[in-house]
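This is the structure, below, for whatever I ask next.
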Amino acid sequence: MGKDFKRHLITSALPYANGAVHIGHLAGVYVPADIYARYLRLKGEDVKFICGSDEHGVPITIKAKQLKCSPQDVVDKYHTIIKDSFEQFGISFDIYSRTTSKIHHKTAAAFFEKLYNDGKFIEKESEQYFDTEANTFLADRYITGTCPKCGAEGAYGDQCEKCGSTLSPEELINPRSAISGSEPIKKATKHWYLPLDKYEEWLREWILDGHKEWKTNVYGQCKSWLDGGLQPRAVSRDLDWGVPVPVKGAEGKVLYVWFDAPIGYISNTIELLGDEWEKWWKSDDTKMVHFIGKDNIVFHCIVFPCMLKAYGDGFILPENVPANEFLNLEGNKISTSRNWAVWLHEYLQEFPGQQDVLRYVLCANAPETKDNDFTWKDFQQRNNSELVAIYGNFVNRSVVLTHKYFGGKIPVSNNLLNVDKEALAQIPIIKASLETNLSTYKFREALKDAMNLARLGNKYLTETEPWKIAKTDMERVATILNVSLQICANLSIAFEPFLPFSSKKLRDMLNITGVNWEEFGRADILLNGHQLNAAQLLFAKVEDEAIEAQIAKLNATKAANEAAVATTAKSPVVVPQKEECTFDEFAKMDIRTATVLEAVKVPKTDKLLQLTIDTGIDKRTIVSGIAEHYTPQEMVGKQICILANLAPRKIKGIESKGMILMAKDESGNMKFVTPAQVVDNGAQIN
RNA sequence: GGCGCGAUAGCUCAGCUGGUUAGAGCGCAUGAUUCAUAAUCAUGAGGUCCCCAGUUCAAUCCUGGGUCGCGCUACCA
């Protein structure tokens, strides 16, 4: 905002190294970030574009277990795939490192240590699930069970991959340890928390007053968090994979990934620059921008800034956080677990040399303001009728004609007529629009600007018709082609941030090297008499077969998914028998019949019913999460079975004394258990 | 359930602080053209600006309510 920045630090979200990168990641984060970075470099700005793999956290340890290898093996595998595919795709990171690096461990530990020594954390004990067999605490991801929302088996303690709901371990039905398969118990453990609430006022001022120009989704999300009041957030976890907490008595604890990962931006900068790094993180004249997806807003706008603020020592804050929405694929959400994605490393193999096509389509269709849909038909159409027909075709026309009439030498421009002047005058106008759009993160619009330059070229050629004039006035033809070629040279600059491979190809054709933004807009980039190289096509048509093959591939995935669902429906996955228990243990449970007297929905909840029941011994209240399966009216008068002596618990402020026994099938339908015939209330069940 | 963001031509999107006939690209139709990867250029058809109510001389834009999509977040002893 008018501020004069000396350098630009650009970060893009660290991809999680338990899978490859797909078009959703690219469209949301890496393509826009790369365009931005390339643009600034072209302008001669001092730029560092930082990224790396995020390699800690529980999902990776689980993946390792599934694959029967070490977590290190997992991250090695995916880090390599991700790094290679980014590189081939032309994402121009200055460094792509990883959080398992020594330097990151050292940096992250030191960061924690300073905050710890400065008394910036609070310590708290809490109850966590603990696996008695494996003798270890269980992170959310290490607990599996039945999803309470969709009924799918194998949901994780933090999320169900089938239906995508966010969960907490307590919600899982029939929780099991992912390590031993046993039923976990609750146990107290100590952790450190960053008291975000202490930074609320400061955040308000910084974001709500100071950054009204942020995208509405980002600003609104931040405001929502701040208005809701911030809570202390745990920064450590009981786990053996990650950066160990550098404090005495913290054995078996590591930094929580969200604390660890953003420090990766810093450690990767250190790895890249050595002692120079501080200039990039601690100078007011550095402009830092985080490119992320919308699910990451809170970490980059609230949590990480609090960490930097707590650390102090001159750390700068992001100037902007242009978070994008999500990209869907053929009408459905992209899903790694369901393999519903277009994987970058597969695309690179199946469409060799066509990086720019995907870059173009993902930018043109980027989810900047709302979720968007990627379809292969659209991909084909944009390639064939935009890249090939407009941009590629114009360049081809210009170069082919020049070879035909002037042996491939730049012809001399003579008297410029009005048409020529008008065409050339458009170039700086387009440039200005590009600059505005790029600097405000409107990459879709910016790409349109660049395309308009190619349109201008086609229009110019059609209006001037050099192939007709060639019969009478070669001098005029020389001027026309000179102008056309100057437009081509400008195109190679305009498209450089978006389509670097094609720009390079175009420059090779024009036989020029190097580009800089400064030249953009000029009509004398190519000198008279300069020899061009042979014409080659900038873009190839994408044939129907290629698209059909991709769609067939997706259909196969869909069929496989449906088959998997069908199989589980036919032969339901039955949860294995629990650990043996003694008769005494069973006898401790007081299970008996009861009748529902009243039932009401608990206000402001989706799933809770408050039931008044007659247990034979008393009338009591039970809160049960069955509102999605039974209406209150249905429940009244029904005889049910309850666990009567379960320790009472407050749910939504209501004391619930006991639990209703429910049977649940594969698709998540819950049915209460009832005696075959009505019996007296309070009848014991053994 | 709470909160946030979105909803504008067949598709993808612009529409600044409310103001005469709501714009662009692609697709479609018609015409022109043939240097070019049957590419290009011109013209045109296409919209209850999600719905309802309100404020206003005037609302796509403001207010209230609702519907749908997505994200964050809460309850399941």
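Note that the structure is predicted; figures quoted are calculated from it, not measured. In what follows, chains are A, B, ... by sequence order, proteins preceding strands, each numbered from 1.
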Checklist entry - Would a distance-only check, ignoring hydrogens and angles, find a side-chain to backbone donor-acceptor pair under 3.5 Å from Arg455(A) to Tyr391(A)? => result no

Item to check | Sequence-aligned protein contact record of nucleotides 24-34 of chain B, with B where the base is within under 4.0 Å of a protein heavy atom and S where only the sugar-phosphate is | outcome: BSSS------S

Checklist entry - Roughly, in whole Å, what's the span from CG in Leu401(A) to P in rC35(B)? => result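 Atom CG in Leu401(A) sits about 9 Å away from atom P in rC35(B).
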
Checklist entry - Base, sugar-phosphate alone, or nothing: which one does Val218(A) contact when heavy atoms must sit under 4.0 Å apart? => result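 Nothing, no nucleic acid heavy atom in range.
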
Next on the checklist: I want to check one thing: is the phosphate of rA39(B), taken as OP1 and OP2, less than 4.0 Å away from some side-chain N or O of Lys541(A)?
Outcome noted: yes

Checklist outcome for this item: From CG of Leu456(A) across to C1' of rC41(B) the rounded distance in Å is 13 Å

Next on the checklist: I need the CZ-C1' distance between Arg397(A) and rC35(B), as an integer number of Å.
Outcome noted: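 From Arg397(A) CZ to rC35(B) C1': 7 Å.
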
Next on the checklist: Is it true that, when you exclude Glu465(A) itself, more than 12 heavy atoms of the residues, nucleotides or ligands shown sit nearer than 6.0 Å to its CD?
Outcome noted: yes

Checklist entry - Where does RNA chain B form stems of at least three consecutive Watson-Crick or G-U wobble pairs, each pair having both distances below 3.5 Å? => result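 For RNA chain B the paired stretches long enough to count as stems (3 pairs minimum) are B:1-7 with B:67-73, B:10-13 with B:23-26, B:28-32 with B:40-44, B:50-54 with B:62-66.
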
Checklist entry - Which word best sums up how the rings of Phe304(A) and His300(A) line up, parallel for under 30°, tilted for 30 to 60°, or perpendicular for over 60°? => result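 It falls in the perpendicular class, over 60°.
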
Checklist entry - Do NZ/NE/NH1/NH2 and the carboxylate oxygens of Arg204(A) and Asp227(A) come within less than 4.0 Å? => result yes

Checklist entry - Is there a donor-acceptor contact under 3.5 Å from the side chain of Ser433(A) to the main chain of Ile429(A)? => result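 The answer is no, because no donor-acceptor pair under 3.5 Å joins these two groups.
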
Item to check | Protein-nucleotide distance (Phe672(A), atom CZ; rC76(B), atom C1'), rounded to Å | outcome: 17 Å

